[in-house]
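Working notes, structure below.
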Amino acid sequence: MSIRRRVILVTDGDEYAKRAVAHVAREIGGRCISSSHGNPSTLSGPEIVKLIKKAPHDPVLVMFDDSGIVGEGAGETALKYVALHKDIEVLGVIAVAAKSRHEEWSRVDVSIDRDGELTPYGVDKYGIPELEIGRINGDTVYCLDELNVPIIVGVGDIGKMARHDSYKLGSPITKKAVELILERSGFHGEK
């Protein structure tokens with residue numbers, strides 16, 4: 001019998017996101033599947049699940065990116081496969097805002113603005129609160145509403161947000177989103 005691996009899904013995978021997510025994973029004592037980065041994602045769902053299972057311990061942070069492809073692109077196909085896999089327990093999703101030509105959107109339970117404040121509103125790619133409550137626009141968020149995940153946290157463009165989330169500053173917005181997911185999931189209390 002296999003043990004379910006506990007993961008956090010991140011809907012961004014460019015170089016900035018890779019640096020930020022890898023840094024935050026080290027900070028919280030988790031693991032980042034660095035090879036899951038890409039703009040768009042290049043690894044398939046089954047390949048990512050194999051890598052998750054090889055990670056020495058949880059939580060495992062995994063990146064997915066559609067690079068603005070309309071509808072379900074490679075990143076979302078892989079994300080759905082991982083999220084629905086019987087050996088994976090999704091602790092939460094970090095839904096990343098984007099300004100693509102063909103906007104897709106998803107509901108979010110809460111967002112974190114670029115100043116690190118929780119807000120019920122969605123945020124834009126710069127981490128500035130939008131006008132709609134509980135909704136974020138992005139390019140790899142189309143399928144999130146189909147998934148039964150405990151929490152979806154909206155953030156601006158990871159590693160950027162007008163330098164508010166730079167990895168040189170420790171990617172504080174990304175780190176806060178990960179910590180919020182871990183807190184809400186009870187992850188630390190189970191160790």
Side-chain angles (χ1 to χ4, degrees), residues 4-14 17 20-21 24 32-33 36-41 43-46 48-49 52 59-113 118-125 127 129-159 161 165 173-174 176-185 187:
R4 292 181 82 205
R5 300 304 304 268
R6 293 178 291 180
V7 303
I8 295 174
L9 310 177
V10 181
T11 69
D12 195 5
D14 64 17
V21 172
V24 170
C32 169
I33 305 296
S36 70
H37 98 288
N39 190 7
S41 296
L43 294 180
S44 69
I48 293 171
V49 168
I52 291 168
V60 183
L61 281 63
V62 189
M63 295 167 278
F64 303 90
D65 200 315
D66 269 355
S67 189
I69 294 168
V70 180
E72 189 174 301
E76 285 183 316
T77 301
L79 185 150
K80 278 173 63 175
Y81 182 90
V82 171
L84 299 172
H85 196 281
K86 64 181 176 50
D87 296 336
I88 303 296
E89 177 187 347
V90 177
L91 300 176
V93 178
I94 299 176
V96 179
K99 218 23 157 189
S100 60
R101 282 166 294 181
H102 308 286
E103 288 185 358
E104 297 169 352
W105 65 273
S106 173
R107 68 169 179 81
V108 292
D109 297 298
V110 66
S111 293
I112 301 174
D113 71 18
L118 297 179
T119 176
Y121 294 92
V123 291
D124 67 12
K125 69 181 281 178
E130 299 260 76
L131 299 175
E132 292 192 69
I133 290 181
R135 178 178 158 143
I136 195 164
N137 293 310
D139 67 15
T140 315
V141 299
Y142 183 71
C143 71
L144 296 183
D145 287 341
E146 299 172 26
L147 304 175
N148 183 20
V149 296
I151 184 171
I152 300 175
V153 180
V155 297
D157 206 353
I158 289 184
M161 290 181 242
D165 195 48
I173 309 307
T174 302
K176 188 164 187 170
V178 168
E179 288 173 338
L180 178 63
I181 289 169
L182 293 176
E183 177 189 317
R184 294 270 177 100
S185 71
F187 179 82

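Since the model is a prediction, treat every value here as computed from it, not as a measurement. What's counted below: heavy atoms across the whole structure, side chains too, no hydrogens, waters or symmetry copies.
- Separation of atoms NZ (Lys125) and CD (Glu130) is listed at 12.0 Å; rounding is to 0.5 Å.
- When side chains are defined from C-beta on, Val49 does not count as touching Asp87, because their heavy atoms never get closer than 4.5 Å.
- In terms of the salt bridge (charged side-chain N to carboxylate O under 4.0 Å, His left out) criterion, Asp124 has no residue partners (sequence neighbours excluded).
- Contact detail for Val82 and Gly45: the closest heavy-atom pair is CG2-O, 4.0 Å.
- For Asp145 and Ser106, the side-chain atoms include at least one donor-acceptor pair closer than 3.5 Å.
- Closest heavy-atom contact between Leu79 and Leu147: CD2-CD1, 3.4 Å.
- The nearest pair of heavy atoms linking Asp139 to Asp66 is O-CB, 3.2 Å.
- In this structure a side-chain-to-backbone donor-acceptor pair under 3.5 Å is missing from Asp113 to Pro129.
- With rounding to the nearest 0.5 angstrom, the CD1 atom of Ile94 is 11.5 Å from the CD1 atom of Ile152.
- Nearest approach of Thr140 to Glu76, heavy atoms of both residues: C-OE2, 3.3 Å.
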Worked check of side chain to side chain contact (heavy atoms under 4.5 Å, CB included) between Val96 and Asp65: CA-CA 10 Å; Val96 179; Asp65 200 315; over 6 Å; no

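- Scanning both residues, Met63 and Ser41, for their nearest heavy atoms gives O-OG, 4.3 Å.
- Residue Ile158 holds its CD1 atom at 4.0 Å from OG1 of Thr174, rounded to the nearest 0.5 Å.
- Once rounded to the nearest 0.5 Å, the distance linking NE2 of His37 with CG of Leu43 reads 10.0 Å.
- Side-chain contact check for Asn137 versus Trp105: some heavy-atom pair is nearer than 4.5 Å.
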Do Val123 and Ile112 pass the side chain to side chain contact (heavy atoms under 4.5 Å, CB included) test, and can you show the C-alpha distance, the side-chain angles, and the key distance before you say yes or no? CA-CA 8 Å; Val123 291; Ile112 301 174; over 6 Å; no

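- Between Val155 and Met161, the closest side-chain pair of non-hydrogen atoms falls below 4.5 Å.
- Counting non-hydrogen atoms of neighbouring residues, nucleotides and ligands closer than 6.0 angstrom, the OH atom of Tyr121 reaches no more than 12 such neighbours.
- The CZ atom of Arg184 sits 7.5 Å away from the CG atom of Asp109 when rounded to the nearest 0.5 Å.
- With sequence neighbours excluded, no residue satisfies salt bridge (charged side-chain N to carboxylate O under 4.0 Å, His left out) with Glu183.
- Here Ile33 contributes atom CD1 and Phe64 contributes atom CZ; the two are 9.5 Å apart, rounded to the nearest 0.5 Å.
- Around atom CZ of Arg107, more than 12 heavy atoms belonging to other residues, nucleotides or ligands sit under 6.0 Å away.
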For Ile8 and Leu182, what are the C-alpha separation, side-chain angles and deciding distance, and is it a side chain to side chain contact (heavy atoms under 4.5 Å, CB included)? CA-CA 9 Å; Ile8 295 174; Leu182 293 176; 4.0 Å; yes

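- With a 6.0 Å radius and a threshold of 12 heavy atoms from other residues, nucleotides or ligands, Asn148 has its CG atom at or below the threshold.
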Between Val90 and Leu9, does a side chain to side chain contact (heavy atoms under 4.5 Å, CB included) hold up when you go through it step by step? CA-CA 7 Å; Val90 177; Leu9 310 177; 4.0 Å; yes

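- Residues forming a salt bridge (charged side-chain N to carboxylate O under 4.0 Å, His left out) with Asp14 (at least two apart in sequence, or on another chain): Lys160.
- Considering every non-hydrogen atom in both Ala177 and Val153, the closest pair reads CB-CG1, 4.0 Å.
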